[in-house]
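Computed from a prediction, not measured in an experiment: that's the story for all the values here. Worth knowing before you read on, the calculation uses all heavy atoms, side chains too, and leaves out hydrogens, waters and symmetry mates. Letters A, B, ... are given to chains in the order of the sequence lines, protein chains preceding strands, and every chain is numbered from 1.
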Amino acid sequence: MKFSEYFIPTLKEVPSDAVIPSHILMIRSGMIRQLTAGVYSYLPLGLRVFKKIENIVREEMNAIGGNEFYLPALSPNELWAETGRLEDYGDDIFRIKNRELVLAPTHEEVFTSIAKPNLISYKNLPQVWYQIQTKFRNEPRPRGGMLRARQFTMKDAYSFDADWEGLDTSYKDQGKAYRNIFTRSGLKFFVVSAFSGAMGGSESEEFMVEAEAGEDSVAISEDGSFASNIEVAKSYIDKVQRKNSNLPIEEFPTPNVKTIDELAEFLGITDKSRLAKSRLFVVPSKTEGKKDEYVLALVCGDDEVSETKLFNLFNGIRPAHPEELMEIAGADAGSIGPVNFKNKDVIIVVDYRLQDADELISGACKNDFHFKNIDFKRDVPRVRYEDIRTVKEGELTPDKKSKIRITKAIEVGHIFKLGSRYAEALGAKYLDENGKENVLVMGSYGIGIERIAAAYIEQNHDKDGIIWGGEISPFKIHLICVNPKIENVKNSADDFYKELINKGFEVLYDDREDMSPGVKFKDADLIGIPLQMVISEKNLKNSEIELKFRRTGERTRVGLSDIINSLPNYLENL
RNA sequence: CGGGGUGUGGCUCAGCCCGGUUAGAGCGCCUGGUUCGGGACCAGGAGGCCGGAGGUUCGAAUCCUCUCACCCCGACCA
């Protein structure tokens, strides 16, 4: 491809709307342009990268027996109502105003509707179906350029099996394919458990790329053996030791003490582990006429309540509003505790770390008063012990073998054992060997195409631009003719370009005559193709060509006559 | 949805508080010339309903009201 004929609008300055490196560099290198919030136009260079990623995905999906489909983005409201997701998705789904249609954010329903009349015998199973297609999600707040967009490309795959054993196999196949895809894409990634725990839960793993711009917090171990989404991560941590002193419970005044830190300061202590932190949550009633339930969550003063863990335990919670506290607990925030709680039906959930602990200090459910010497065994009936704390940096992994590090990551893929939820809702059943009717067992597997590119750039850039590598670089070679106005230099460069093309190399050839060398070098570094080859008057005099490796900046001169043959060696591992 | 911020040539921004010639700069673009290995130089030039609507005023990019868009933080995110 000749630069002079290709549309690559590079930018010297940082666009004011972009903040994270991948977004800035995608715009500056002429890969994308924003049309409106969360919606981007893909320019030729960007499209080329995205297509490369798609092809890797396609190859790996086909390698595990995937059937490629292409389903409509438009689908009838009715179909979504059948599985209850029209309501579940709420505002996050785009609705068509003048027709009863939605723009699909994912395709479980549509795929299942095809499976239903066609996968009707065990002989038809298993099946792996996928597509690479544009998805629409009405994200409340798009951010980070291609990291969270309202319109994006997704590979979504679905497996249909006769039973959970079959699903295990399909799920493992996908996991393997995903590892291949991200490895080939040049990403440094790790897999985290996203096991939800709710309702027995389904197995689920997220493929994560560590990056400052990531939206997810993950706990990973230093030895790489452990990785978990912070929302569900567990660690090994010592329990607060029971002292068995049997000291009498005692109320004492704590004027204006609202937080654990203030309480510790008030008491003149630094160890906050025996200061039981109380947080009140509401479990909204799901059945008409039934009352909401209340949950008092208690953790050590130096811990935080994991709202996700609590959410999973009760299948939905929300923090109580400040104005509700007095009504429910009998005190405002800062003075709430497990003893003397106003509403006697409250469910008290205590983190394992405080199991059977005593000599605790907590709010007295009376403003500006606390209790000391609270003993869970003695003073608090019906305590339910659960893991409800958020793990912290530096703690040990559950097997005690390594330390936990908390970091930010981008989710580039997600594999999920769906089970029969959608098949059940849509009545997708098959007959087994015994003529018995069973519901299909499904898995769902997603990959964000543009997110891979964005995540890659987050991990592979420097002050000058992108550093492409792996298989997703838009081109392998960036050929620069420094002085095209000198006829023999231009002719040599043209000839060399043709030779490279004939040998099947992917080349971007900067043949621009009206650009100074500096501009060409800057553009080359910005665009970031892994190998730059420079033809100039200077080099030509010695019948040489100069190579520059984008990642290391290393340069070397090679004889023009034999470079073609050794080129594959240079391109290896770039 | 809550909080904060920004809308001024293609891009990045100044001017706005304190209203007053013809609205500026750098980059980019066009023409001519000189350059030609790290975003060159000189000269000339084109390009703006100052996001939109209404208002105050003799006079509004500037003050007021409403509105739209975009960005950031948070909430949300099977």
By nearest nucleotide on RNA chain B, pick out whichever of A/Lys520 and A/Ala37 is the more 5' one. A/Lys520
Taking CG from A/Asp92 and P from B/C76, how many angstroms apart are they, rounded to a whole number? 12 Å
Using Watson-Crick or G-U wobble geometry with both distances below 3.5 Å, tell me the partner of B/A23, or none. none
Would one find a side-chain N or O of A/Arg141 under 4.0 angstrom from OP1 or OP2 of B/C72? yes
Can you check the A/Glu139 CD to B/C73 P distance for me, whole Å? 14 Å
Watson-Crick or G-U wobble partner of B/C76, both distances under 3.5 Å: none
Hey, is the side chain of A/Glu13 pairing donor to acceptor with the base of B/G26 inside 3.5 Å? yes
Checking base pairs now: Watson-Crick or wobble, both atom distances under 3.5 Å. What partners B/G28? none
In whole angstroms, the gap separating P of B/U35 from CG of A/Asp514 amounts to 17 Å
Hey, does the side-chain of A/Arg557 have a donor or acceptor N/O within less than 3.5 Å of a partner on the base of B/G37? no
Hey, is the side chain of A/Arg143 pairing donor to acceptor with the base of B/C72 inside 3.5 Å? no
Using atom C1' in both nucleotides, what's the gap between B/A60 and B/G20 to the nearest angstrom? 10 Å
Considering every strand and a 4.0 Å limit on heavy-atom distances, what is the contact class for A/Arg85: base, sugar-phosphate, or nothing? sugar-phosphate
Can you tell me the base-pairing partner of B/G7? Count Watson-Crick or G-U wobble geometry only, both distances below 3.5 Å, and say none if there is no partner. B/C68
Would you kindly check whether a donor in the side chain of A/Glu546 faces an acceptor in the base of B/G37, or vice versa, at under 3.5 angstrom? yes
Touch check for A/Tyr89, heavy atoms < 4.0 angstrom, all strands: base, sugar-phosphate only, or nothing? sugar-phosphate
Which nucleotide, B/C71, B/G39, B/A75, lies nearest any side-chain atom of A/Val519? B/G39
Quick one: look up who B/G48 pairs with, Watson-Crick or G-U, both distances under 3.5 Å, and put none if it's unpaired. none
From the set B/G28, B/U12, B/G38, return the single nucleotide nearest to any side-chain atom of A/Ser16. B/U12
In the structure shown, which nucleotide is the Watson-Crick or G-U wobble counterpart of B/U56, with both distances under 3.5 Å? none
Base, sugar-phosphate, or nothing for A/Asn539, non-hydrogen atoms under 4.0 angstrom? base
Checking B/C71, B/C77, B/G38 against the side chain of A/Gln34 (C-beta onward), the nearest is B/C71
Spacing of A/Asp17 atom CG relative to B/C73 atom P, expressed in whole Å: 13 Å
Is any side-chain N or O of A/Ser536 closer than 4.0 Å to OP1 or OP2 of B/G37? no
Taking the C1' atom of each, how far is B/G47 from B/U62, in whole Å? 24 Å
With a 3.5 Å distance limit and no angle check, can you tell me whether A/Lys309 reaches the backbone of A/Ala233 through a side-chain donor-acceptor pair? yes
On RNA chain B, does the nearest nucleotide to A/Asp88 precede the nearest nucleotide to A/Arg555 from the 5' side, or the other way round? Give the residue. A/Arg555
Would A/Glu546 and A/Arg555 pass as an ion pair if we require N to O under 4.0 Å? yes
Under 3.5 Å, is there any donor-acceptor pair linking the side chain of A/Asp464 to the base of B/G39? no
Take the protein atom CG of A/Asp525 and the nucleotide atom P of B/G38, then report the distance between them rounded to whole Å. 13 Å
Classify A/Val482 by what it touches in the nucleic acid, base, sugar-phosphate, or nothing, heavy-atom distance under 4.0 Å. base
With rounding to whole Å, what would you report as the distance between B/G39 and B/A23 at their C1' atoms? 29 Å
Examine distances only and state if a side-chain atom of A/Gln127 and a backbone atom of A/Asp161 form a donor-acceptor pair shorter than 3.5 Å. no
Given the options A/Lys135, A/His414, A/Gln133, A/Asp156 meets side-chain hydrogen bond (donor to acceptor under 3.5 Å, both in side chains) only with A/Lys135
For A/Gly144, report the nucleic acid contact type (base, sugar-phosphate, nothing); a contact means any heavy atom under 4.0 Å. sugar-phosphate
Integer-rounded Å distance: B/C76 P and A/Asp216 CG: 13 Å
d(CD1, A/Ile527; P, B/G38) in whole Å: 18 Å
Have a look at A/Asp523 and say if it touches a base, only the backbone sugar-phosphate, or nothing, with a 4.0 Å heavy-atom cut-off. base
Name the pairing partner of B/A40, where a pair is Watson-Crick or G-U wobble with both distances under 3.5 Å, or state none. B/U34
For B/G37, take OP1 and OP2 only and decide whether either is under 4.0 Å from a side-chain N or O of A/Ser516. no
Whole-Å P distance, B/U31 and B/A46: 15 Å
Report the base-pairing partner of B/C16 (Watson-Crick or G-U wobble, both distances below 3.5 angstrom), or none. none
Heavy-atom donor-acceptor pair, A/Asn483 side-chain to B/G37 base, under 3.5 Å: no
SB check A/Glu215 A/Arg148 (cutoff 4.0 Å): yes
Any sub-3.5 Å donor-acceptor pair from A/Trp80's side-chain atoms to A/Ile93's backbone N or O? no
What integer number of Å spans the C1' atoms of B/G9 and B/G54? 27 Å
Return the value, rounded to whole Å, for the distance between atom CG of A/Leu540 and atom P of B/G37. 13 Å
Between the side chains of A/Asp332 and A/Lys258, is the shortest nitrogen-to-carboxylate-oxygen separation below 4.0 Å, so that they form an ion pair? no
Salt bridge between A/Glu324 and A/Arg318, side-chain N to carboxylate O under 4.0 Å? yes
May I ask you to say what A/Thr36 touches in the nucleic acid, namely base, sugar-phosphate or nothing, with a heavy-atom cut-off under 4.0 Å? sugar-phosphate
Taking the C1' atom in each of B/U8 and B/C50, what is the distance between them to the nearest angstrom? 4 Å
Classify the nucleic acid contact of A/Arg33 as base, sugar-phosphate or nothing, counting any heavy atom under 4.0 Å across all strands shown. nothing
Would A/Lys2 and A/Tyr509 count as a cation-pi pair here, with the cationic atom under 6.0 angstrom from the ring centre and within 45° of the axis? no
